[in-house]
Visitor: 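Could you have a look at this structure, given as structure tokens, before my questions?
Position 1 is the first residue of the sequence, and the numbers go up from there. Numbering of ligands and ligand atoms starts at 1, following listing order.
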Amino acid sequence: MEIPFFKPQIDEETIESVAEVLRSGWLTMGPKCIEFEEAFAKYIGCKHAIFVNSCTAALHLCLAAIGLEPGDEVIVPTMTFVATAEVVQYFYATPVLIDCRKDTLCIDETLIEAAITSKTRAIMPMHYGGHPCEMDTILAIAKKHGLKVIEDAAHCLPAYYKGRMVGTIGDATCFSFYANKCITTGEGGMITTDNDEIAEKCRIMRLHGMSKDAYKRFGKGGTWKYDIVMRGYKYNATDMAAAIGLGQLKRVDEFWQGRKRVARKYQSLFENIKNVILSTELSSCQSSWHLFTIRLDQTIQSKRDEIIQSLASLGITTSVHYTPIHCFSNQKSNKKYSQAEKESLREISLPIYPGLSDTEIQYVAQAIEKATLG
Ligand SMILES: *Cc1c(COP(=O)(O)O)cnc(C)c1O
């Protein structure tokens, strides 16, 4: 059996809608992008949604919109994908790394306040695997110290924190539509916010800081004239990507049900497997289940890489989320983050996607049972 780590679900209707865009003569950011943004904002329940060509671009634009400057500091988890920290460094600002919680692997909110200095401007929580961070605590700290909260919600579509949908909680939230995320546009990202100023700045900066985008200039009744009102970037998306996104968004809840089914099945199968610790879903939260992670207990954790190898030899592709940011060679951190270091050495992320059959899930679980025994 061959079980990939992820399989995007693209239907014929979506393929046809991309073909329609290709035939229409308008390929770049235009009417489909507007339609996708409106549908996304409606789904999340937020005022603004701004479609860009990646989540990394979305995070970068949000930091630009809040006016991050060289020498500033931003609170970032060390247990995240490199993009969360990298975007801070684009400004010659410093990502101040924070260790993770043991249960959800999200940023440990109890360590945030002690890391705040006079240079801190923002907190960037990342909802690990689609499980929301402890947002009430994070929002209270941000309010007390006058900080912005920009959420890396690359894994969340959808996820709920105390009944509130991720995307409506902090000052701005960034989603990813990379090929293996909850919904995909190949490459793509979305900013959601209720803040008019952040939205306006992100919209203008995603296309060179132009006062009018190409659709307004070259569309009906447009003129060629434009002004550059702020320094911007080339972060706009295309109408082909928006067409894929619209097809995916229609099925976002079906995909979520599919991942939840896989998660429940894994949970029931792992109940009897000793030496394997499952991630918990806190009762205050609903995870998107973008990832299904297991951790090996102390009796077998030293064999993690061998176990990954033996799964690979059975055709099962897994992953590890993550090597903590501070462990990479380009980061000059001498600090220790003991929880993240410990977890990253014993974690394995298993295949999870809507089309994964019960037989395949059983195959994965049996392979792990065998590998952890031997
Ligand atoms: C995928 C991912 C990103 C980056 O998303 P892109 O759309 O590829 O830029 C950022 N943060 C996290 C946690 C991710 O998993």
Side-chain angles (χ1 to χ4, degrees), residues 5-6 8 33 36 40 49-64 74-90 95 97-98 100-101 104-107 122-133 135 138 149-159 166-167 170 172-192 202 206 233-238 241-242 244-245 248-249 259 279 287-293 318-328 340 343-344 347 349-353:
F5 183 62
F6 186 78
C33 286
F36 183 38
F40 199 87
I50 300 123
F51 186 31
V52 290
N53 59 16
S54 74
C55 178
T56 307
L59 293 164
H60 185 189
L61 287 176
C62 288
L63 293 180
V74 178
I75 304 281
V76 172
T78 192
M79 185 61 108
T80 185
F81 182 60
V82 64
T84 329
E86 168 188 88
V87 292
V88 175
Q89 293 170 325
Y90 289 173
L97 301 176
I98 303 286
C100 65
R101 290 169 58 124
T104 60
L105 304 186
C106 287
I107 189 167
I123 305 173
M124 293 176 82
M126 192 282 279
H127 307 297
Y128 180 100
H131 191 293
C133 301
M135 291 308 293
I138 292 170
V149 176
I150 310 291
E151 292 164 64
D152 182 341
H155 297 177
C156 298
L157 202 64
V166 171
T173 306
C174 300
F175 295 88
S176 175
F177 310 136
Y178 182 68
N180 67 8
K181 298 292 162 69
C182 297
I183 71 167
T184 184
T185 60
E187 299 280 359
M190 190 76 84
I191 300 158
T192 64
C202 288
R206 80 173 150 180
Y233 306 91
K234 175 61 182 176
Y235 283 165
N236 65 288
T238 69
I244 304 172
Q248 292 272 289
L249 191 62
R259 290 190 306 274
S279 318
S287 175
S288 73
W289 292 106
H290 166 58
L291 298 179
F292 190 90
T293 63
T318 58
S319 188
V320 171
H321 295 87
Y322 289 92
T323 299
I325 300 280
H326 71 275
C327 295
F328 287 117
E343 303 304 346
S344 81
E347 189 269 345
S349 302
L350 304 184
I352 181 166
Y353 48 86

Visitor: Is Gly188 close enough to touch ligand 1? Criterion: a residue heavy atom under 4.0 Å from a ligand atom.
Guide: yes
Visitor: Give the atom numbers and elements of ligand 1 that come within less than 4.0 Å of a heavy atom of Tyr322.
Guide: 13 (C), 15 (O)
Visitor: Determine whether the side chains of His131 and Thr104 contain a donor N or O and an acceptor N or O closer than 3.5 Å.
Guide: no
Visitor: Indicate, as side chain, backbone, both or neither, the part of Ser54 found under 4.0 angstrom from ligand 1 when only non-hydrogen atoms are considered.
Guide: both
Visitor: Can you check whether Tyr90 and Tyr233 have ring centres sitting under 6.0 Å from each other?
Guide: no
Visitor: Which part of Asp152 is near ligand 1, with near meaning a heavy atom under 4.0 Å away: side chain, backbone, both or neither?
Guide: side chain
Visitor: Taking 4.0 angstrom as the limit and counting only heavy atoms of Ala83, give me the atoms of ligand 1 inside it, by number and element.
Guide: 10 (C)
Visitor: Write out the residue and atom name of the closest protein heavy atom to atom 9 (O) of ligand 1, then the distance separating them to 0.1 Å.
Guide: Thr56 OG1, 2.5 Å
Visitor: Decide if the gap between the ring center of Tyr178 and the ring center of Phe6 is smaller than 6.0 angstrom.
Guide: no
Visitor: Would you say Lys181 touches ligand 1, if touching means a heavy atom closer than 4.0 Å?
Guide: yes
Visitor: Measuring from non-hydrogen atoms of Phe175 to any atom of ligand 1, is the shortest distance under 4.0 Å?
Guide: no
Visitor: Just so I know, are the side chains of Leu157 and Ser288 near enough to count as touching, which here means a heavy-atom distance under 4.5 Å?
Guide: no
Visitor: In terms of atom number and element, which parts of ligand 1 are under 4.0 angstrom from non-hydrogen atoms of Cys55?
Guide: 4 (C), 5 (O), 6 (P), 7 (O), 9 (O)
Visitor: Would you say the side chain of Cys62 lies within less than 4.5 Å of the side chain of Cys174, judging by non-hydrogen atoms?
Guide: yes
Visitor: Nearest 0.5 angstrom please: Thr318 OG1 to Phe292 CZ, how far?
Guide: 13.5 Å
Visitor: Taking the six-membered ring for Trp, are His155 and His290 parallel (under 30°), tilted (30 to 60°) or perpendicular (over 60°)?
Guide: tilted
Visitor: If you count the atoms of ligand 1 from 1 in the order shown, which ones are under 4.0 Å from a heavy atom of His155?
Guide: 13 (C), 14 (C), 15 (O)
